[in-house]
Amino acid sequence: MKITCIGTGFVGVVTTAVLAKLGNEVVGLDIDENKIAKLKEGIVPFFEPGLSELLIETQKSGNLTFTTDYSVAVPGSDVVMIMVGTPSAPDGSADLRFVESVAKSIAPHLMDNAVVVVKSTVPPGTNKHVREIISAICDKTFHMASVPEFLKEGTAVEDTLHPDRVVIGVENDFAKEVLTKLHAPLTKNILVMNPESAQMTKYAANNYLATRITFINQIADLCEYNGADIEEVIKGIGADRRIGPQYWYPGLGYGGSCFPKDVKEMAAYAKKVGENNSLFITIDDLNEKRIEKKFAVYSQEIGTFKDKTVAVLGLSFKKNTNDTRVAPSLAVIPWLLGQGATVRTTDPQAIEEAKALLPDSVVYTSTAYEAANGADVLILLVEWDDYIGLDFAKLESVMKQNPVFIDTRNQYAPNQVEPYGFKYLGVGR
Ligand SMILES: NC(=O)c1ccc[n+]([C@@H]2O[C@H](COP(=O)([O-])OP(=O)(O)OC[C@H]3O[C@@H](n4cnc5c(N)ncnc54)[C@H](O)[C@@H]3O)[C@@H](O)[C@H]2O)c1
C-alpha cells in the first residue's frame, strides 16, 4: 500500500518507520524543513529507544522516504494519515489549526478512493469538519477515518509494533477493509467502530489514566496525615482483580505532551456541550495545583529552600525520552529559584531541551554526583535508570551536612537512605 504520513513528530516518525517495516511504501511529510533534512539523513530529531535503528533499516530498504512537498507525497496514496500536533487552545479546547491546514494542503492531491485518516488526538466530530474542508476543494471520492494513536514515549517502537489494540473508526466497509488490512500484521485485536467512538476511546483512555494518577495522589496526601504508606496501600488495593497492581504512580501529578492537554480538551468539550460538573474539570484543576501544593509541604518539612543549594535529577517529563513538554522540572526549578534556592541539575538526555526553557542561572552537570556536589537537598524528579541505584554513601560525602532527599517518585524506601544521614521525604509515606 502507498501511505503518506503528515507530520513527522514523535508519532509521525514512529508510524512511518513501522508502516514501512511492514512492507508498505511510506512517505513522511512535514513543513519543518530542518526536521525533514535530518530524517533524510537517517537522524531521528529526538530521543526514542530503538527508533534510530528502525528508521535507518526502513530507509535502506527503500520503503521510507521524506519530503516537505505535498504534490510529491500525496498523489497516488491509498491512505493519507494526519498526525500533526493538536495543542490546547487558551480555553483548553483542542486547537485544530494544524489539522485544518493539512486538510487544505492534501485536498488538491488526493486520488479517487483515498482513505484520509485522522491519527492526531481530536474531539469527536472533527472528521466531519475535516471532510467539509477537503470537499470544498476536492471533487474526488474519499473516505474519512480515525485511527487514534496509543503509543507511549520511551516505548513507542515496541508499542507500535505490538499494540494492545488498534482502534479503527470508519463510516463504510471500503475504509474498514483498507485499514484492517494495513494494521492486521500488528495485532489480532482490531476494534472497528465509528469515528466518534474511536476519538472518544482515545480521550477516555488518557483521561482515565490521568484520573488514576490524580486519584492515587489524593489517597497519598491523606496517608501523610495518619502514618499510612501509599506504597503499602497500593499493594493492598492492587491485589483486588477489579483494580489491578499496575499503573499507580503517586508523585507530582501527570505531565508530558498528552495527558495534560487531553484532560483539558475533555474538560473543555464537556463545558462546550453543557456538562459543567464534569470530573475532568476537577482533575485538570487538581493537577495544575499539584506541584505547588507538594512543594509547599516539602518547604515546611525542611524549613525553607531560601539560600539552599538544590540538586534536581531528571529534566524530561518521564524516563527514556528527551521530551520536556509539561515536564515537572519546568515547574519545580523556577519555583525553587523563586524561593531563593540555587539549582544544579542533570538528565541523561534532556539537558539541551531544558536549557532552552529554564532560566540561565541553572547549573547543568553530567552526573547525579556532580549535581549533588555541595547541595543541601537532592530531588529525584524522574526515575531514569541512572538514578534508581544511587550510591547514598557517595552522595552524602559530596553534599552539605544534614542532607535531605526528596523522592517525588517513591523510588527508594526511607530505610535505604536514612542510614546514610539523609532526611527522606517521599509522597504519601
Ligand atoms: N507524543 C505522543 O506520545 C502521542 C501519543 C499519542 C497521540 N499523540 C497525538 O498525536 C498527535 C501528534 O503528536 P506528536 O507528539 O507527534 O506531535 P509533534 O508536535 O511532535 O509533531 C507534530 C508535527 O507536525 C508538523 N506539522 C504541523 N503542521 C503541519 C502541516 N501543516 N503539514 C505538515 N506537518 C505539519 C510539525 O512540524 C511537527 O513536526 C497529537 O494530536 C497528539 O496528541 C501523541
Side-chain angles (χ1 to χ4, degrees), residues 4-18 27-39 44-49 51 66-74 80-89 93-107 109 116-123 126-127 130 133-134 146-160 163-167 198-199 201-207 209-210 254-266 316-327 353:
T4 294
C5 294
I6 314 230
T8 55
F10 281 83
V11 171
V13 181
V14 178
T15 308
T16 53
V18 167
V27 184
L29 181 147
D30 205 287
I31 47 170
D32 184 333
E33 290 182 4
N34 290 333
K35 211 174 254 187
I36 290 296
K38 278 193 179 161
L39 288 166
V44 179
F46 50 86
F47 175 72
E48 181 62 44
L51 184 54
F66 291 96
T67 182
T68 53
D69 189 344
Y70 277 90
S71 71
V72 168
V74 181
V80 178
M81 292 189 164
I82 304 173
M83 46 194 90
V84 292
T86 46
S88 297
S93 65
D95 180 348
L96 297 176
R97 260 179 312 154
F98 303 120
V99 174
E100 290 162 349
S101 163
V102 172
K104 283 182 200 145
S105 301
I106 62 175
H109 307 293
V116 176
V117 174
V118 179
K119 207 164 179 52
S120 300
T121 304
V122 294
T126 301
N127 276 25
V130 172
I133 295 173
I134 298 175
S146 161
V147 182
E149 182 53 63
F150 296 97
L151 65 74
K152 303 181 288 300
E153 289 176 23
T155 54
V157 172
E158 179 64 17
D159 292 346
T160 310
D164 292 340
R165 77 308 208 182
V166 169
V167 171
Q199 286 155 351
T201 301
K202 172 64 194 174
Y203 273 123
N206 275 4
N207 275 267
L209 296 171
Y254 54 82
S257 67
C258 290
F259 288 6
K261 86 173 176 64
D262 291 353
V263 175
K264 282 184 197 307
E265 288 170 14
M266 193 85 294
S316 54
F317 88 85
K318 64 173 180 180
K319 69 173 184 172
N320 294 338
T321 179
N322 63 346
D323 195 344
T324 54
R325 289 181 278 186
V326 198
E353 288 70 15

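We count ligands from 1, going down the list as the structure has it; atoms in each ligand are counted the same way.
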Q: For ligand 1, does Ser120 get within less than 4.0 Å through its side chain, its backbone, both, or neither, judged by non-hydrogen atoms?
A: both
Q: How close does the nearest protein non-hydrogen atom get to atom 21 (O) of ligand 1, and which residue and atom is it?
A: Gly9 CA, 3.2 Å
Q: Would you mind telling me if ligand 1 is within reach of the side chain of Glu48, the backbone, both or neither, using heavy atoms under 4.0 Å?
A: neither
Q: Rounded to the nearest 0.5 Å, how far apart are CD1 of Ile31 and OG1 of Thr68?
A: 10.0 Å
Q: Would Lys202 count as being in polar contact with ligand 1, using the rule that some N or O on each side must be under 3.5 angstrom apart?
A: no
Q: Is there a side-chain contact between Leu96 and Val122, using heavy atoms and a 4.5 Å cut-off?
A: yes
Q: Find out whether Val99 and Thr86 are in side-chain contact, i.e. whether some heavy atom of one side chain is under 4.5 Å from a heavy atom of the other.
A: yes
Q: Side chain, backbone, both or neither: which applies to Ile6 and ligand 1 if a contact is any heavy-atom pair less than 4.0 Å apart?
A: side chain
Q: Among all protein non-hydrogen atoms, which one is nearest to atom 17 (O) of ligand 1, and what is the separation to 0.1 Å?
A: Arg325 NH1, 4.0 Å
Q: For the atom pair CD1 (Ile6) and CE (Met83), what is the distance rounded to the nearest 0.5 Å?
A: 8.5 Å
Q: Of all heavy-atom pairs between Asn207 and Val263, which one has the smallest distance, and what is that distance?
A: OD1-CA, 3.3 Å
Q: State which residues pass salt bridge (charged side-chain N to carboxylate O under 4.0 Å, His left out) with Lys202; sequence neighbours excluded, sorted by chain then number.
A: none
Q: What protein heavy atom sits nearest atom 10 (O) of ligand 1, and how far off is it?
A: Val11 CG2, 3.5 Å
Q: Quick check on contacts: which atoms of ligand 1 are under 4.0 angstrom from a heavy atom of Lys35?
A: 38 (C), 39 (O)
Q: With atom 36 (C) of ligand 1 as the reference point, say which of Asp30, Asp32, Leu96 has the nearest heavy atom.
A: Asp30
Q: Does a side-chain heavy-atom distance below 4.5 Å link Tyr254 with Val326?
A: no
Q: Which atoms of ligand 1 sit under 4.0 Å from any heavy atom of Met83?
A: 12 (C)
Q: Between Val122 and ligand 1, which part of the residue brings a heavy atom under 4.0 Å of the ligand: side chain, backbone, both or neither?
A: neither
Q: Atom 26 (N) of ligand 1: which protein heavy atom is closest, and how many Å away?
A: Val84 CG1, 3.5 Å
Q: Could you tell me which residues satisfy ring pair (Phe, Tyr, Trp, His ring centres under 6.0 Å) with Phe10, sequence neighbours excluded, listed by chain and number?
A: Phe46
Q: Kindly give the heavy-atom pair with the smallest separation between Ala103 and Ile133, and that separation in Å.
A: CB-CG2, 3.7 Å
Q: Taking only heavy atoms of Ser257 into account, list the atoms of ligand 1 that are under 4.0 Å away from them.
A: 1 (N), 2 (C)
Q: Given Glu149, Lys119, Glu33, which has its nearest heavy atom closest to atom 7 (C) of ligand 1?
A: Glu149
Q: Hey, could you give me the OG1/NZ distance between Thr321 and Lys152, rounded to the nearest 0.5 Å?
A: 13.0 Å
Q: Looking only at protein heavy atoms, which one is nearest to atom 9 (C) of ligand 1, and what is the separation?
A: Thr121 OG1, 3.5 Å
Q: Quick one: does any side-chain atom of Glu48 pair with a main-chain N or O of Gly154 as donor and acceptor, under 3.5 Å?
A: yes
Q: Which atoms of ligand 1 sit under 4.0 Å from any heavy atom of Ser101?
A: 31 (N)
Q: Counting non-hydrogen protein atoms only, what is the nearest one to atom 33 (C) of ligand 1? Give residue, atom name and distance.
A: Tyr70 OH, 3.4 Å
Q: Are any of the N/O atoms in Glu153 less than 3.5 Å from those in ligand 1?
A: yes
Q: Is there a polar contact, in the sense of an N or O pair closer than 3.5 Å, between Asp262 and ligand 1?
A: no
Q: Return the residue, atom name and 0.1 Å-rounded distance of the protein heavy atom closest to atom 34 (N) of ligand 1.
A: Ile31 N, 3.5 Å
Q: As an exercise, state the distance from SG of Cys258 to CG of Leu151, rounded to the nearest 0.5 Å.
A: 8.0 Å
Q: Which heavy atom of the protein is the closest neighbour of atom 20 (O) of ligand 1, given with residue, atom name and distance?
A: Phe10 N, 3.2 Å
Q: Show me which atoms of ligand 1 lie under 4.0 Å from any heavy atom of Thr86.
A: 40 (C), 41 (O), 43 (O)
Q: Within a strict 4.5 Å, meaning less than it, do heavy atoms of the Arg165 and Phe150 side chains meet?
A: yes
Q: Could you please spell out the steps behind the side-chain contact (heavy atoms from CB on, under 4.5 Å) verdict for Gln199 and Asn127?
A: CA-CA 10 Å; Gln199 286 155 351; Asn127 276 25; 2.9 Å; yes
Q: Determine the minimum heavy-atom distance between Pro45 and Leu39, stating which atoms define it.
A: CD-CD2, 3.8 Å
Q: Any idea which of Lys261, Arg97, Lys152 brings a heavy atom closest to atom 43 (O) of ligand 1?
A: Lys261
Q: Should you measure from each heavy atom of Cys258, which atoms of ligand 1 turn up under 4.0 Å away?
A: 2 (C), 3 (O), 4 (C), 5 (C), 8 (N), 44 (C)
Q: Considering the heavy atoms of Val102, write down every atom of ligand 1 situated less than 4.0 Å from one of them.
A: 30 (C), 31 (N), 32 (N)
Q: Counting each atom of ligand 1 from 1 as listed, which ones have a heavy atom of Leu29 under 4.0 Å away?
A: 33 (C)
